[in-house]
2 protein chains.
Amino acid sequence: MSPRTSEQFKNIRLKKRQLIMDAALKVISEKGYHTASIALIAKESGVSKGLMYNYFKSKEDLLIAIMVDGFSKVFDQYVIDNRLSPEENVMMLIEQTFDVLDTMQETLMVYFSVLMNNEVFTLVKDKLNEIVEPIMEGFTQVMARLGYENPIAEAYFLRFILDGISMNYLLIPEQFPKEYCVNRIKQIYITQK
Amino acid sequence: MSPRTSEQFKNIRLKKRQLIMDAALKVISEKGYHTASIALIAKESGVSKGLMYNYFKSKEDLLIAIMVDGFSKVFDQYVIDNRLSPEENVMMLIEQTFDVLDTMQETLMVYFSVLMNNEVFTLVKDKLNEIVEPIMEGFTQVMARLGYENPIAEAYFLRFILDGISMNYLLIPEQFPKEYCVNRIKQIYITQK
DNA sequence: ATTTTTTGACTGAACGACCGGTCAAAAATA
DNA sequence: TATTTTTGACCGGTCGTTCAGTCAAAAAAT
């Protein structure tokens with residue numbers, strides 16, 4: 001009946017969709033969301049401007065897709081293992097943070113810039129919370145096992161520290177005291193009570 | 001020569017200039033730099049579009065003026081007093097941080113969003129460094145007096161913590177554990193060594 | 001094996017909306 | 001009247017978005 005099986009078409013579409021998203025992530029992380037024009041993203045993708053709208057119904061839609069995809073990948077790397085001691089879990093969290101920072105700089109730059117733009121942020125706020133929530137629960141469990149009286153607040157506190165570190169690691173990588181920070185957090189949560 | 005003394009004109013101009021800057025800060029903090037159009041800022045200022053260019057030679061020029069003005073005000077509030085103990089200085093730093101956060105939210109939202117946008121950031125990078133540098137020196141002195149072996153790195157570390165806290169305080173003010181964080185930082189730098 | 005038909009991925013010119021910025025003319029001031 | 005402030009229509013250009021039409025590939029028909 002049809003010239004190509006729907007399976008074939010689906011594969012073509014999925015691959016190209018990812019191609020466009022990768023190119024868009026690159027361009028947006030370099031130039032920012034507003035300055036990264038559809039024309040430029042299309043060029044980077046090696047695709048016509050018109051085709052973009054075959055895959056994403058708007059520029060906004062494209063941004064949301066990139067963000068959700070990126071965050072899922074980012075936060076999939078955070079794993080709590082309850083068979084390990086809470087101290088070991090904290091160490092893992094720190095290492096995972098820097099792993100993510102080293103491997104997903106582009107995603108995170110876009111993440112932070114979008115975060116600080118209320119207009120765009122509201123578009124993805126709920127989706128992000130869905131993704132972050134389980135991680136925060138893991139943080140809280142670890143803090144409870146470490147004996148903190150208010151493990152929820154302590155989990156937030158660690159998150160804030162890691163946010164500040166992440167932001168600056170992306171902004172000033174060359175002068176960032178990475179090793180010092182790693183040891184300092186370990187000292188706070190492990191060496192000392 | 002002129003119908004008003006040049007002194008009068010100067011005052012009028014200064015006031016209106018500030019009026020425009022205040023309106024621009026408000027609009028930019030709400031919508032972001034690129035989405036905040038000159039027309040919109042003019043409307044918010046109660047001023048015509050054309051007049052904007054009587055006070056600022058370009059939109060870029062306006063942004064730089066706002067940023068430099070805002071940051072000067074922000075960082076003027078950070079004061080190190082060497083007659084006090086380093087512990088007292090750390091407590092002051094924390095209090096000053098939340099003071100700034102409570103009184104200058106708009107400025108800080110713009111600050112963070114600009115920070116994460118390379119294109120805009122390069123416009124103000126140097127000016128910002130000039131303003132931030134003396135603060136960091138103050139941080140470093142305090143850390144040296146507290147006995148840290150690497151006071152420069154420790155100053156950075158505190159800055160990262162305060163950055164992460166500031167960012168989240170602006171983004172999620174309603175669920176932010178302010179008191180807990182204040183006490184936690186004090187605990188890190190004062191109760192414990 | 002050859003031709004015809006069908007599909008949807010793909011193109012790029014064109015469109016309206018809006019942008020930052022200009023400027024001649026009007027309003028306001030003394 | 002002389003001077004400055006203020007206005008908003010206007011300009012060239014870029015943006016996101018649309019859409020009529022093209023084309024390669026596969027199925028169906030011969």
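So that the names make sense, note that chain A is the first sequence line, chain B the second, and so on, each numbered from 1.
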Test B:Glu154 against B:Tyr189 for side-chain hydrogen bond (donor to acceptor under 3.5 Å, both in side chains), laying out the working first. CA-CA 11 Å; B:Glu154 188 62 35; B:Tyr189 286 103; 2.6 Å; yes
For a quick test of your reading: what N or O donor-acceptor pairs under 3.5 Å do the side chains of residues 125-138 of chain B make, sequence neighbours left out?
none

If the condition is side chain to side chain contact (heavy atoms under 4.5 Å, CB included), which residues does [X] pass it with, not counting sequence neighbours?
X	answer
A:Thr97	A:Tyr78, A:Leu101, A:Leu162, A:Ser166
B:Ser113	A:Met116
B:Arg17	B:Met21, B:Tyr55, B:Phe56, B:Ala65

Counting only heavy atoms and a strict 4.0 angstrom limit, can you tell me which residues of residues 61-69 of chain B come near DNA chain C? none
What integer distance in Å separates [X]:[atom1] from [N]:[atom2]?
X	N	atom1	atom2	answer
B:Lys16	C:dA28	NZ	C1'	12 Å
A:Ile20	D:dG16	CD1	C1'	15 Å
B:Asn54	D:dT4	CG	P	12 Å
A:Met52	C:dT11	CE	C1'	14 Å
A:Arg17	C:dA9	CZ	P	13 Å

With side-chain contact (heavy atoms from CB on, under 4.5 Å) as the test, would you mind laying out the steps for A:Val90 and A:Lys186 before giving the verdict? CA-CA 8 Å; A:Val90 169; A:Lys186 288 182 182 173; 6.0 Å; no
Among residues at least two apart in sequence or on other chains, which ones pass salt bridge (charged side-chain N to carboxylate O under 4.0 Å, His left out) with A:Asp99? none
By salt bridge (charged side-chain N to carboxylate O under 4.0 Å, His left out) - contacts of A:Asp61 (at least two apart): none
So if I take residues 22-36 of chain B and measure heavy-atom distances to DNA chain D, which residues fall below 4.0 Å? none
Classify A:Phe56 by what it touches in the nucleic acid, base, sugar-phosphate, or nothing, heavy-atom distance under 4.0 Å. nothing
Applying ring-ring contact (aromatic ring centres under 6.0 Å, His included), can you list everything that pairs with A:Phe160, at least two apart in sequence or on another chain? A:Tyr156, B:Phe176
Closest approach to the side chain of B:Val47, judged atom by atom: which nucleotide of D:dC15, D:dT7, D:dT6 is it? D:dT7
End axis versus end axis in the helix from C:dA1-D:dT30 to C:dA30-D:dT1, the angle rounded to 10°, five pairs used at each terminus: 10°
Annotated protein contacts, base or backbone, on nucleotides 21-26 of chain C with a non-hydrogen cut-off under 4.0 Å, one of B, S, - each: BBB---
Do A:Arg184 and A:Ile188 come close enough that some side-chain heavy atom pair is under 4.5 Å? yes
What distance do B:Ile80 atom CD1 and B:Asn89 atom CG have between them, rounded to the nearest 0.5 Å? 5.0 Å
Does the pair A:Leu63 and A:Lys59 meet the rule for a side-chain contact (heavy atoms from CB on, under 4.5 Å), with working shown? CA-CA 6 Å; A:Leu63 178 68; A:Lys59 191 183 176 187; over 6 Å; no
Between B:Ser48 and D:dT6, is there a side-chain N or O to OP1/OP2 distance below 4.0 Å? no
For residues 39-47 of chain A, tabulate all N or O donor-acceptor pairs below 3.5 Å that involve a side-chain atom, not counting sequence neighbours.
unit_1: A:Glu44; atom_1: OE2; unit_2: A:Lys26; atom_2: NZ; d: 3.1
unit_1: A:Ser45; atom_1: OG; unit_2: A:Ile41; atom_2: O; d: 2.6

